[in-house]
Amino acid sequence: MPEQLRLPGRLTAPSPGWTTRADVVIVGSGIAGLTAALRLRGRVDKILVVTKDVLNAGSTQWAQGGIAAALGPGDTPEQHEADTLVAGAGACDGAAVRVLVNEGPEAVRELIALGTNFDHTDDGELSLTREGGHHRDRIAHAGGDATGAEIQRALIAAIEAAPDIEVIQHALAVDLLLGPGDVDDSGTTGPPAVAGLTLHVIGEGERDGVGAVHCRAVVLASGGLGQVFSQTTNPAVTTGDGMALALRAGATLRDLEFVQFHPTVMYLGPDSRGQQPLISEAVRGEGAFLVDDEGDRIMQGVHELADLAPRDVVAKTIMKRMLETGRPHLWLDARHLGAEFWERRFPTILATARSHGIDPVTQLIPVAPACHYASGGVRTDLLGRTDVPGLYATGEVACSGVHGANRLASNSLLEGLVFSRRIAEVLPGELTPWREPAADRRTAGLVAGDIRRELQETMSSRVGVLRSAPGLAEAGVVLDKLAGHAAETVDQASWEATNLLTISAALADAAALRQETRGSHWREDFPERDDAHWAGHFDVTMDDGVTTVTFAPAPATDGGLS
Ligand code: SIN
């Protein structure tokens with residue numbers, strides 16, 4: 001067991017200077033958050049959406065490839081299920097996957113009815129493409145490669161047409177307020193339950209600075225943890241706030257070690273940090289392929305799907321070749337797609353690549369893996385419930401069990417959509433009476449905002465694509481040191497850094513304990529998948545800043561296929 005760090009049991013923050021009330025607070029404004037808000041409308045009285053930046057600043061906006069669902073001729077939910085389970089490398093929850101694939105088609109049709117303009121073929125059919133790990137064309141896309149932006153646009157338009165849903169932007173969720181647990185028929189008191197949350201709002205009139213929202217339920221839809229690493233496809237807001245807040249409040253984090261590294265992220269040089277340009281897998285779906293400096297196709301002979309193998313297989317093959325050659329990137333060759341096709345099918349990627357001095361029509365694109373998606377997160381049941389009564393989670397912040405050790409391409413938007421609909425079905429009937437927040441006895445703390453760069457570099461170099469016991473131990477030493485770097489000022493940089501540190505520590509612990517290679521978790525010292533010992537999940541819990549990691553065995557869900 002790795003040595004445990006002492007982390008803040010709650011974030012240091014000024015006492016709330018303002019208060020407000022809502023029945024349900026939704027934290028996050030991507031596909032998961034706004035779907036939950038729209039579906040809860042009319043079922044609960046007062047809905048408040050809070051978002052850390054502006055409504056479209058999260059990851060949904062950046063999704064390129066699309067949204068997967070069995071909508072095409074000959075495709076079925078069972079085939080989608082099979083591909084999802086294989087990609088998940090035995091670590092998916094089979095029931096959750098069945099929910100995803102069975103409810104997915106209707107959920108996507110509903111998104112279309114809401115006004116999302118997906119691309120169509122000349123015959124007027126929904127245009128469906130293929131991405132890594134899919135054996136069928138089942139990825140619906142919009143604006144060529146601007147699927148997320150179109151979905152986000154349609155959802156924001158619907159929210160703006162719903163004046164009864166209140167929105168507070170520039171609002172960082174700091175911590176949950178917890179009240180006494182419910183007492184059951186046998187007189188047993190349950191765990192502390194949601195009574196509200198504290199927010200830090202930048203400049204919303206009277207609601208400025210730290211305030212308290214009293215509420216009966218919170219739906220976390222706050223996205224992932226990409227900023228834990230130096231290079232990521234995720235936007236700046238993805239600092240793991242929702243996962244850290246949930247952990248501090250008593251929720252369980254599951255499968256954190258399964259961080260997906262997207263194989264084809266444009267390489268911008270050794271000093272480039274933060275959000276990097278994604279070159280969608282759909283480019284390979286349309287025929288692009290990976291080559292090394294010699295022009296050799298690296299994916300041929302590695303997997304039956306070659307360049308469209310599941311993402312972990314492609315990322316590992318790229319990394320191996322990079323390590324063999326000492327080169328910082330490989331190349332994606334998509335020149336044969338031609339100018340007209342590039343302009344019509346991938347206008348956003350084309351413009352972005354050109355803005356960085358590469359013309360994909362005539363030049364190879366330099367690519368390397370970068371952090372893309374957290375397959376784990378706050379553990380939920382099939383209805384989005386967490387271990388904290390009144391706290392629900394959906395989308396990338398959640399671990400519903402659909403992704404296992406490696407998310408299948410374009411299943412993420414779908415997960416947010418499907419599980420938010422489910423939460424909206426169940427939550428209204430589960431709302432309990434208002435409860436007063438109890439005195440918060442957790443130990444407050446904060447690390448300095450300026451630890452961020454060292455944290456990210458440590459996580460990228462020691463807990464990134466390729467992991468080993470010595471590297472993970474070194475990461476533990478650095479994280480321990482950073483935990484002692486107390487903040488002198490209470491500000492957003494320190495709150496985010498503390499959340500990043502909290503999630504990094506939990507992730508590194510789980511990665512150290514999983515002594516095998518499975519899906520996106522790649523151990524140099526344990527190169528094989530080991531179902532005899534590690535079929536199951538690492539769960540992380542926290543008690544006043546001290547985390548515990550436990551292993552929950554579960555039978556492999558893919559029949560050993562890989
Ligand atoms: C991509 O377009 O390659 C990303 C799709 C995804 O992450 O599902």
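Atoms within each ligand, like the ligands themselves, are counted from 1 in listed order. Fair warning: this is a prediction, and the values are worked out from it, not measured in the lab. Any value given below was found using the heavy atoms of this structure, including those in side chains, with hydrogens, waters and symmetry copies removed.
Arg321 has a carboxylate O that lies under 4.0 Å from a charged side-chain N of Glu324, or vice versa, which qualifies the two as a salt bridge. Using a cut-off of 4.0 Å between Lys/Arg side-chain N and Asp/Glu carboxylate O, Arg467 and Glu257 are scored as not salt-bridged. Taking a cutoff of 4.0 Å between a charged side-chain nitrogen and a carboxylate oxygen, Asp119 and Arg345 do not qualify as a salt bridge. Using a cut-off of 4.0 Å between Lys/Arg side-chain N and Asp/Glu carboxylate O, Arg514 and Glu516 are scored as salt-bridged.
Close contacts of ligand 1 with Glu281, meaning ligand atoms under 4.0 Å from a residue heavy atom, involve 1 (C), 2 (O), 3 (O). The Ser410 neighbourhood of ligand 1 comprises atoms 6 (C), 8 (O), with distances under 4.0 Å to a heavy atom of that residue. Heavy-atom proximity to His372, at under 4.0 Å, picks out these atoms of ligand 1: 4 (C), 6 (C), 7 (O). Each of the following atoms of ligand 1 lies closer than 4.0 Å to a heavy atom of His262: 1 (C), 3 (O), 4 (C). The atoms of ligand 1 that sit less than 4.0 Å from any heavy atom of Ala409 are 8 (O).
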* To do: Please report the C-alpha distance between Arg297 and Asp307 in whole Å, then the side-chain angles of each, then the deciding distance to 0.1 Å, and finally whether the salt bridge (Lys or Arg N to Asp or Glu O under 4.0 Å) criterion is met.
  => CA-CA 9 Å; Arg297 291 189 60 167; Asp307 290 87; 3.0 Å; yes
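At a heavy-atom cutoff of 4.0 Å, ligand 1 is contacted by the side chain of Arg311 but not by its backbone.
Ring-plane geometry between Trp331 and His329 is classed as perpendicular, the angle between the planes exceeding 60 degrees on a 0 to 90 degree scale with a lower cut at 30.
Backbone and side-chain nitrogen or oxygen atoms of Gly65 are examined, and one is located within less than 3.5 angstrom of a nitrogen or oxygen of ligand 1.
Ranking the protein heavy atoms by distance from atom 2 (O) of ligand 1 puts Ser280 OG, 2.6 Å first.
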